[in-house]
Amino acid sequence: MKKTIPGLAILASLSCIWAQAPAAPARPKLLLVIAVDQFRYDYLTRFRKEYNAGLAQLLTQGAVFTNANYEHMPTVTAVGHSTMLTGASPIMSGIVANDWYEKETGKITTSVQDQNSELVGGDGVGSTPKRLLVSTVADEIKMSARGESKSIGMSLKDRSAILMPGRMADAAYWFTEENGSWVTSTWYMKELPKWVADHNAGRPADQYLGKPWIPIWGGPALHKLPSTPDTMFYSNVEKSPYGNDILERFAELAIENEKLGQHAGIDVLTMSFSSNDKVGHAYGPDSPEARDMSVRTDRLLGKLFAYLEKKIGMRNVLVALTADHGIPPMPEANAARKMPGGRFKDKDFSDLVETTLQAKFGPGKWSVGKKGEQIYLEPALLEQYGASEVREAAAAALRNFPHVLRVYTKDQLLRGQAGQDKVGLRTANGYHPARGADVVVVLEPYWMFGTDTTSHGSPFGYDTHVPLIIMGAGVKPGRYHQAAAVNDLAPTLATILEVEVPAGSMGRVLLEALGRSGL
């Protein structure tokens, strides 16, 4: 009888097993990350019957995480967008707010303002990702050196366009209200590509001059845009569904002209729909405007997916959708429901801090920041009178202010004394030692800073609970009810794409939604 060599027999058996194992899904050619600014999670459920296009496709073909939250405070645009593809909360990313007092310069700065850069396609100071202290998934794809890849971000807002793709992006484009054009900065290039310049020359926003905003279900116009092409008009375009239309059209042009999804490596396109946020602030989440924007977002995503199917095939696209924060109801709407809530002015808090510290320590301009919940104090006066004692005096006064839930000093946060409940943990995660405020205020639920609109920033569910959906090869469709964080998106995408997890990631891999790797 013929003998079989043991080693060959084992190899033969393994060959049979490998032959029967499913092949690994093809690596995507394009990573498409979509942020819908100020899109509460419950917009997915409240308006579900009206979705029949892009959102419907994501909800039926994607992995839908029903309990995804941000684990930081403040819940604002810059912080949310910096978290999506880094997995890092402000304690790691350094992006602590939309704007903050910068001790090095003694001035208020935005999250992306950069005096060493210039606008390209416009006039003035440019915006860059230089304050982002960690890598993004897009950066890690670039550093993996797996062939040529392009990374492009776009949004009506500069911070939303810039912070998602990260520091190594080939381009980030945003819309300027000054002349209705798409611009970038010298961080990325010295002049606009021809396709962008040509698109700007066609005045893409001007087609909406004097256009009424008629809701998708018909009836009378909700609003009508101005008829003069000036800053007021372009600002109002952004506060209408037509701002999102302008962004989607620009994305199609970028896919076509930059050949996204057609390079040897993995290309990245990040998009943030800012008009939803501007509408939500002005009219609130219970308004017909918010409903119409949500349904139109579904239609617009359907249009984008159809374009991608035609250009490169959706089977080659890994899609992720989330939002940067939610929004509470208008205080007036809550009052009609017998619910709590109301508004403060930033000045209410800064005036209290000024009078308290002047009475206790002496004259001077004590407050140097402008945000009600993030109070920065004059560094020279802190040094003169003792930083810890001054901060605690300010905090003690604020703790007695009506509808203030908690007040933390920098000293407490640096010592890890914020507490272990959600409010404390989210406040601590949102605090960066070098950039954080001297005093941080948390208002009671449904109370906010502002005058006549609604606003966000709190550690509560209406601001932290957002959609998180991933769709594409290697993802198991379904509804997942486990607790998740938006921080989990970056390590999950990195795992699917087989690149390094971003350096500052604080999230976990969402293994429950991943298919077999085939490895």
Side-chain angles (χ1 to χ4, degrees), residues 34-40 43 47 75-78 80-81 98-99 110 122 154-161 173-183 203-217 219-251 271-301 323-333 343 448-457 463:
I34 301 164
V36 186
D37 200 324
Q38 199 194 111
F39 199 80
R40 291 166 52 118
Y43 287 173
F47 310 127
T75 39
V76 295
T77 298
H81 282 83
N98 288 335
D99 42 55
T110 76
M154 59 181 63
S155 177
L156 301 186
K157 298 179 182 179
D158 57 355
R159 55 188 179 268
S160 306
Y173 299 104
W174 56 96
F175 188 79
T176 174
E177 296 177 359
E178 282 65 37
N179 59 17
S181 296
W182 289 96
V183 299
R203 312 295 300 168
D206 289 7
Q207 63 183 299
Y208 302 108
L209 284 165
K211 187 175 178 65
W213 175 359
I214 298 174
I216 206 162
W217 54 84
L222 297 172
H223 305 279
K224 185 177 180 180
L225 293 178
S227 299
T228 303
D230 55 15
T231 299
M232 178 177 289
F233 165 71
Y234 296 120
S235 174
N236 276 272
V237 168
E238 293 183 331
K239 198 170 66 178
S240 79
Y242 309 124
N244 284 350
D245 291 344
I246 291 169
L247 176 68
E248 194 278 335
R249 175 57 184 151
F250 191 65
M271 304 172 61
S272 179
F273 291 93
S274 303
S275 291
N276 300 68
D277 178 70
K278 293 176 181 289
V279 167
H281 274 292
Y283 307 111
D286 302 295
S287 65
E289 289 90 346
R291 173 189 167 195
D292 188 61
M293 288 295 295
S294 299
V295 178
R296 285 176 181 268
T297 300
D298 168 67
R299 307 292 194 272
L300 206 56
L301 292 179
D324 54 350
H325 52 74
I327 193 75
M330 287 278 192
E332 294 77 12
R343 301 185 185 91
M448 66 194 70
F449 291 96
T451 53
D452 58 355
T453 61
T454 186
S455 193
H456 48 82
D463 282 343

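Just so it is clear, the structure is predicted and the values come from calculations on it, not from any experiment.
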Closest contact, heavy atoms only, [X] versus [Y]:
X	Y	result
M448	P328	CE-CG, 3.7 Å
V183	G122	CG1-N, 4.0 Å
K157	D277	NZ-OD2, 2.9 Å
A290	P285	CB-O, 3.8 Å
Y234	D206	OH-OD1, 2.8 Å
E289	V279	CB-CG1, 3.6 Å

Side chains of R203 and S181: does their closest heavy-atom pair fall under 4.5 Å? yes
Side chains of W182 and L247: closer than 4.5 Å at any heavy-atom pair? yes
Spacing of [atom1] belonging to [X] relative to [atom2] belonging to [Y], to within rounding of 0.5 Å:
X	Y	atom1	atom2	answer
Y283	K278	OH	NZ	12.5 Å
R296	I216	CZ	CD1	5.0 Å
T75	H456	OG1	NE2	7.5 Å
F273	T297	CZ	OG1	7.0 Å
F175	S274	CZ	OG	11.0 Å
I214	K224	CD1	NZ	10.5 Å

Start with the C-alpha distance between D286 and R291, add both sets of side-chain angles, then the distance that settles side-chain contact (heavy atoms from CB on, under 4.5 Å), and finish with yes or no. CA-CA 8 Å; D286 302 295; R291 173 189 167 195; over 6 Å; no
Plane angle bin for Y43 and F39 - parallel if under 30°, tilted between 30 and 60°, otherwise perpendicular: perpendicular
Measure from the side-chain N and O atoms of D324 to the backbone N and O of Q38, and report whether any donor-acceptor pair falls under 3.5 Å.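 Yes, the answer is positive, given that a donor and an acceptor are paired below the 3.5 Å cut-off.
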T454 backbone acceptor or donor facing R343 side chain under 3.5 Å: no
State which residues pass side chain to side chain contact (heavy atoms under 4.5 Å, CB included) with P204; sequence neighbours excluded, sorted by chain then number. H199
Please name all residues satisfying side chain to side chain contact (heavy atoms under 4.5 Å, CB included) with N98, sequence neighbours left out, ordered by chain then number.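 Side chain to side chain contact (heavy atoms under 4.5 Å, CB included) check on N98 returns V76, T77, A78, R159.
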Would you mind writing out the side-chain donor-acceptor pairs for residues 236-243 within the sub-3.5 Å range, not counting sequence neighbours?
residue: N236; atom: ND2; partner: M232; partner atom: O; Å: 2.7
residue: S240; atom: OG; partner: V237; partner atom: O; Å: 2.8
residue: S240; atom: OG; partner: Y242; partner atom: N; Å: 3.2
residue: Y242; atom: OH; partner: P212; partner atom: O; Å: 2.7

Which residues pass the ring pair (Phe, Tyr, Trp, His ring centres under 6.0 Å) test with F233, sequence neighbours left out? none
Partners meeting side-chain hydrogen bond (donor to acceptor under 3.5 Å, both in side chains) with S272 (sequence neighbours left out):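 With sequence neighbours excluded, S272 shows a side-chain hydrogen bond (donor to acceptor under 3.5 Å, both in side chains) to H81, given in chain and number order.
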List in chain and number order the residues that pass salt bridge (charged side-chain N to carboxylate O under 4.0 Å, His left out) with D463, two or more places apart in sequence or in another chain; answer none if no residue qualifies. none
Residues F250, M271; criterion side-chain contact (heavy atoms from CB on, under 4.5 Å); working and verdict: CA-CA 10 Å; F250 191 65; M271 304 172 61; over 6 Å; no
